[in-house]
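Every number for a ligand or one of its atoms is a count from 1 in the order of the listing. Since we're looking at a predicted model, the values are computed, not measured.
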Amino acid sequence: MGMKAVIVAEPPQPVVICGPSGVGKGTLIGKLMKDFPDKFGFSVSHTTRSPRVKEIDGVHYHFAARPVMAQEIKEGKFLESAEVHGNLYGTSWAAVEAVADAGKICILDIDVQGAQAVRKSALKATYIFIKPPAPEEMELEKRLRGRGTETEEQIQKRLRGATQELERAKDSTLFDHILVNANLDQAYDDLKALLGLGSPAASAHFNGTAKHPVNGSKMSSNGFSSSENGSSPNGHESVSDHFKHAVGSPRTNGLFLNGSHQSKSNGVMKLSNSMSGNYSHTLPILTSSDLLVGMHSATGSPRAKGISAS
Ligand SMILES: Nc1nc2c(ncn2[C@@H]2O[C@H](COP(=O)(O)OP(=O)(O)O)[C@@H](O)[C@H]2O)c(=O)[nH]1
Ligand SMILES: Nc1ncnc2c1ncn2[C@@H]1O[C@H](COP(=O)(O)OP(=O)(O)O)[C@@H](O)[C@H]1O
């Protein structure tokens with residue numbers, strides 16, 4: 001029997017996390033990154049807003065001057081960008097590729113406009129909206145004040161934005177899952193379940209399109225810079241096979257793409273030999289049109305073109 005080259009199956013598609021300011025996105029993502037550092041990678045966005053005290057350039061955000069970022073957006077370096085609360089925010093292609101190249105699942109913390117743009121882009125992803133418990137605006141205000149990172153004016157801007165985001169998410173077909181962050185521990189467990197971490201049953205709807213509201217109740221913690229202890233939750237070992245074998249997902253340059261690829265193509269594509277599993281070749285990235293060929297073909301379709309044994 002002949003050797004068959006297949007596209008390496010890992011990692012599965014990126015996860016887009018949205019939700020109003022103060023709902024706990026950063027906190028939940030921080031926990032996920034801390035408990036599963038080898039599995040998830042954070043897409044470090046660019047922003048023109050000023051860093052908060054504990055924020056580190058290149059870790060939480062790439063803090064950028066507006067003219068520089070605006071220019072880079074023009075040059076096509078961004079997968080999406082949006083004006084949020086009076087500042088520019090954007091996801092660079094490099095940010096998601098860095099995570100994909102590391103073989104990890106990319107987590108994007110972006111606003112609803114960003115999520116809509118990603119939906120329209122070539123990147124294939126799973127979309128989760130995080131909601132506060134009722135009364136929603138009051139809870140957000142309490143959390144934002146508790147976080148203590150914004151001025152009064154900024155808090156007001158965020159609350160106005162929150163009302164809009166909650167409204168937009170309501171009837172939206174954009175999100176695959178809606179998760180209520182009432183109790184933090186519960187919400188984190190729910191998030192892990194949605195991501196297929198924990199119970200095999202949970203992973204089944206990871207790729208589903210049905211809305212999946214999940215509830216919890218209350219508690220608090222910090223985001224990335226939190227001082228939570230290092231104990232990992234249960235479920236670490238029972239990571240679903242879904243994460244190890246993303247069957248049939250087209251992968252180009254480390255990314256899962258839907259339609260036409262917009263920019264960038266200077267990386268390498270990892271291929272593995274189906275006989276040996278983890279044995280991998282690299283080949284120069286193909287052109288966009290080459291990448292589209294066979295995108296919808298099943299796993300295992302031979303992609304012999306350009307393979308160079310390494
Ligand atoms: N479109 C888009 N939104 C982003 C990006 N990075 C962050 N955001 C969103 O911008 C909003 C403000 O983020 P941030 O300034 O960190 O404030 P916070 O939400 O109050 O913690 C949030 O809704 C983020 O999800 C990005 O790269 N693109
Ligand atoms: N379930 C929760 N209950 C109460 N407070 C929470 C909860 N989740 C997060 N927080 C707190 O709310 C504040 C905002 O959370 P953060 O993660 O910064 O939100 P976001 O990134 O969505 O703006 C933080 O001080 C955080 O500790």
Side-chain angles (χ1 to χ4, degrees), residues 14 16-33 42-52 54-55 59-64 69 72-73 77-96 106-121 123 127-133 138-151 154-162 164-166 168-169 179-191 215-228:
V16 171
I17 299 202
C18 279
S21 181
V23 75
K25 302 179 297 296
T27 305
L28 286 163
I29 293 170
K31 285 168 84 68
L32 204 59
M33 302 292 293
F42 185 61
S43 159
V44 182
S45 291
H46 281 60
T47 182
T48 60
R49 83 152 161 76
S50 323
R52 293 173 190 148
K54 288 183 179 168
E55 286 179 331
V59 174
H60 300 87
Y61 280 106
H62 296 291
F63 295 99
M69 187 170 166
E72 290 183 347
I73 291 170
K77 290 187 179 162
F78 286 80
L79 159 59
E80 63 78 30
S81 61
E83 184 91 24
V84 190
H85 315 138
N87 282 295
L88 265 183
Y89 290 80
T91 308
S92 67
W93 282 102
V96 283
C106 188
I107 306 278
L108 292 89
D109 171 349
I110 59 177
D111 83 323
V112 174
Q113 305 171 74
Q116 281 163 339
V118 174
R119 260 278 198 233
K120 286 187 196 139
S121 84
L123 194 76
Y127 297 80
I128 299 175
F129 187 83
I130 304 184
K131 270 175 60 157
M138 271 180 66
E139 184 62 31
L140 290 175
E141 181 164 2
K142 196 162 81 188
R143 290 184 192 182
L144 279 176
R145 292 195 190 288
R147 188 169 73 185
T149 50
E150 269 74 32
T151 63
Q154 287 164 342
I155 289 178
Q156 293 307 330
K157 254 190 200 169
R158 281 173 155 69
L159 289 174
R160 283 194 295 272
Q164 273 186 0
E165 288 226 322
L166 289 166
R168 273 196 216 145
L179 190 150
V180 178
N181 178 19
N183 172 285
L184 181 61
D185 286 343
Q186 181 63 55
Y188 182 50
D189 283 348
D190 293 340
L191 177 63
N215 280 286
S217 54
K218 168 169 290 265
M219 185 184 157
S220 92
S221 156
N222 295 315
F224 289 94
S225 50
S226 83
S227 54
E228 294 151 311

Shortest protein contact, atom 27 (O) of ligand 1 (heavy atom only): Ser45 OG, 2.6 Å

Proximity flag Pro20 to ligand 2, non-hydrogen atoms under 4.0 Å: yes

About how many Å separate OG1 of Thr91 and CD of Glu80, when rounded to the nearest 0.5 Å? 3.5 Å

With heavy-atom distances below 4.0 Å as the criterion, list the atoms of ligand 1 near Ala82. 1 (N)

Polar-atom distance check: His85 versus ligand 1, any N or O pair below 3.5 Å? no

Is Arg143 in contact with ligand 1, taking contact as a heavy-atom separation below 4.0 Å? no

Quick check on Gly19 - does any of its heavy atoms sit under 4.0 Å from an atom of ligand 2? no

Using 0.5 Å steps for rounding, measure from the CD atom of Glu141 to the CZ atom of Arg158. 13.5 Å

Checking the side chain of Glu165 only, and the main-chain atoms of Val112 only, is there a donor and an acceptor separated by less than 3.5 Å? yes

Which residue and heavy atom of the protein sit nearest atom 11 (C) of ligand 1, plus the separation: Val84 CG1, 3.8 Å

Mark up the atoms of ligand 2 that fall under 4.0 Å of a heavy atom belonging to Gly26, in ascending order. 17 (O), 20 (P), 21 (O)

Which bit of Ala187 gets closer than 4.0 Å to ligand 2, counting heavy atoms only: side chain, backbone, both or neither? neither

Can you tell me the protein heavy atom closest to atom 12 (C) of ligand 1 and the distance? Tyr89 OH, 3.6 Å

Return yes when Gly26 approaches ligand 1 closer than 4.0 angstrom through a heavy atom, no otherwise. no

For ligand 1, is there an atom lying under 4.0 Å from some heavy atom of Gln113? no

At a 4.0 Å cut-off, with the gap strictly under it, does some heavy atom of Lys25 reach an atom of ligand 1? yes

Check for me whether Arg147 has a heavy atom closer than 4.0 Å to any atom of ligand 1. yes

